[in-house]
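Below is one structure, written out as structure tokens; the observations come after it.
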There are 2 protein chains.
Amino acid sequence: MNEPATTFNFEETNRELVEVFTNVMWVEERALNKGPFSDLSVKEVHTIDAISMYEQKSASEVAKLIHLTPSAMTTAIDRLVEKGYVERCRSKRDRRVVELVLTHAGRVVYRAHQEFHRGLTHSLFEDMSANQINTLQRAIHSLKIYLVSLI
Amino acid sequence: MNEPATTFNFEETNRELVEVFTNVMWVEERALNKGPFSDLSVKEVHTIDAISMYEQKSASEVAKLIHLTPSAMTTAIDRLVEKGYVERCRSKRDRRVVELVLTHAGRVVYRAHQEFHRGLTHSLFEDMSANQINTLQRAIHSLKIYLVSLI
DNA sequence: GTGAATAGTTTGACAATCGAAATATAGCAT
DNA sequence: ATGCTATATTTCGATTGTCAAACTATTCAC
């Protein structure tokens, strides 16, 4: 509707998008280390995020989510347990399974990470009309679908 | 203009965006390993991308671009030289400086990586009206600005 | 109950990364 | 020219993140 009549610059927009993709992680790491969780790497935070707060998840479920082998998952969890963000509990129903739960500190990190991403999303939708929001929502969806199609 | 009148679901869109951010790298890695450059990791490809084809760049310039310490840069370049994608040349004007240049293979990877990202960008803008393209362009720009503001 | 399948851990190896110290070169001041 | 200081890169030692293969414990199918 009321967009300014600038011309589309594919190359420039592509460049910005590449910049966003290749730098989110690094920015997240920086933002993290300025805050109170400087003992955590971004990867560790993503593990905490995958464990999540509201459903019990097993080690292998989390491993699948973040595309890690079981052995890498074991050491990742070791670190997080060591640092006091996660607890291991053997499942009672199937004693092979390790259920992962966030400690209090882990839940604080989880919420902070969620907030970080809410901030990103918010910055995208800021000052947009209903129509524009719709466009954007659709674009993000097709980007996700495209990514999945590449796998 | 002609967007369907769906309601905005911030949580759902945020989730998709997080999924995109946290999985691009992994998808890129997968896409890469299916292709002819399975001897390269995504990080190595990003180093090749930062070296770029059209301007001579020094080792420290590239290190800054991808946020690596000089020492990490040295070993990253070692690998890429080893694998035949990059050449080291001592600058003639200042013999402390290492100028990096892509070999033929390196340039092929560079172009393939550019194409990968063009594909992502294209998938975002597909089937959009001029107005919608404008909205999207603006959103990406503000996202980039927001990221920079976090540093 | 026995054998196959499943969940997770251990081990050994190798990338990627950092910070500190070392090396080489440049450029300035004298 | 000589020495001092700054800059660009490398080397070294330590740590992290990762994988594959072998191993342990447990469950499931029969």
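Below, chain A is the first sequence line, B the second, and so on; all start at residue 1.
In this entry the distance linking CD of B/E29 with P of C/dA15 reads 14 Å, nearest Å. Atom P of nucleotide C/dA15 and atom CE of B/M25 are separated by 20 Å, given to the nearest angstrom. In this structure, B/R90 places its CZ atom 17 Å from P of D/dT7, rounding to the nearest Å. Atom CE in A/M73 sits about 13 Å away from atom C1' in C/dA7, given to the nearest Å. Rounded to an integer number of Å, the gap from NE2 of A/H67 to P of D/dT18 is 12 Å.
Listed by first and then second residue, the ring-ring contact (aromatic ring centres under 6.0 Å, His included) pairs involving residues 59-98 of chain A are A/H67-B/W26 (not counting sequence neighbours).
Nearest nucleotide to the side chain of B/L68, out of C/dT17, C/dG8, D/dT9: C/dT17.
With respect to the salt-bridge test (charged N to carboxylate O, under 4.0 angstrom), the residues A/D49 and A/R111 do not qualify. Contact check on B/R88 versus B/D78 returns a salt bridge, with a Lys/Arg side-chain nitrogen under 4.0 Å from an Asp/Glu carboxylate oxygen.
For B/E115, the side-chain hydrogen bond (donor to acceptor under 3.5 Å, both in side chains) test picks out B/R118, with sequence neighbours left out. Under the rule for a ring-ring contact (aromatic ring centres under 6.0 Å, His included), the partners of B/H113 that lie at least two apart in sequence or sit in another chain are B/H46, B/H117. Applying the side-chain contact (heavy atoms from CB on, under 4.5 Å) test to B/I133 and every residue at least two apart in sequence or in another chain returns A/F8, B/F125, B/M128. Partners of A/T121 under the side-chain hydrogen bond (donor to acceptor under 3.5 Å, both in side chains) rule, at least two apart in sequence or in another chain, are B/N14. Take A/H122 and apply the ring-ring contact (aromatic ring centres under 6.0 Å, His included) test, not counting sequence neighbours, and it matches no residue. Looking at residues two or more places apart in sequence or on another chain, you find no side-chain contact (heavy atoms from CB on, under 4.5 Å) involving A/S142. Every residue was checked against the side-chain hydrogen bond (donor to acceptor under 3.5 Å, both in side chains) condition with B/Y146, not counting sequence neighbours, and none meets it. Residues satisfying the side-chain hydrogen bond (donor to acceptor under 3.5 Å, both in side chains) test with A/K43, not counting sequence neighbours, are none.
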Is there any protein nitrogen or oxygen under 3.5 Å from a nitrogen or oxygen in nucleotides 27-30 of chain D, and what are the pairs?
{"residue": "D/dT27", "atom": "OP1", "partner": "A/R95", "partner atom": "N", "Å": "3.0"}

Restricting to nitrogen or oxygen on both sides, can you table the protein-nucleotides 11-15 of chain D pairs closer than 3.5 Å?
none

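Between B/T69 and the phosphate of C/dT17, there is no side-chain N or O to OP1/OP2 separation shorter than 4.0 Å. Look at A/R88 and you'll find a side-chain N or O under 4.0 angstrom from OP1 or OP2 of C/dT9.
For DNA chain D, the residues of residues 32-64 of chain A within the heavy-atom distance limit of 4.0 Å (strictly under) are A/S41, A/K43, sorted by number.
Within the shown strands, D/dC30 is the pairing partner of C/dG1 under the Watson-Crick or G-U definition, both distances less than 3.5 Å.
D/dA14: glycosidic angle beyond 90° from 0, hence anti.
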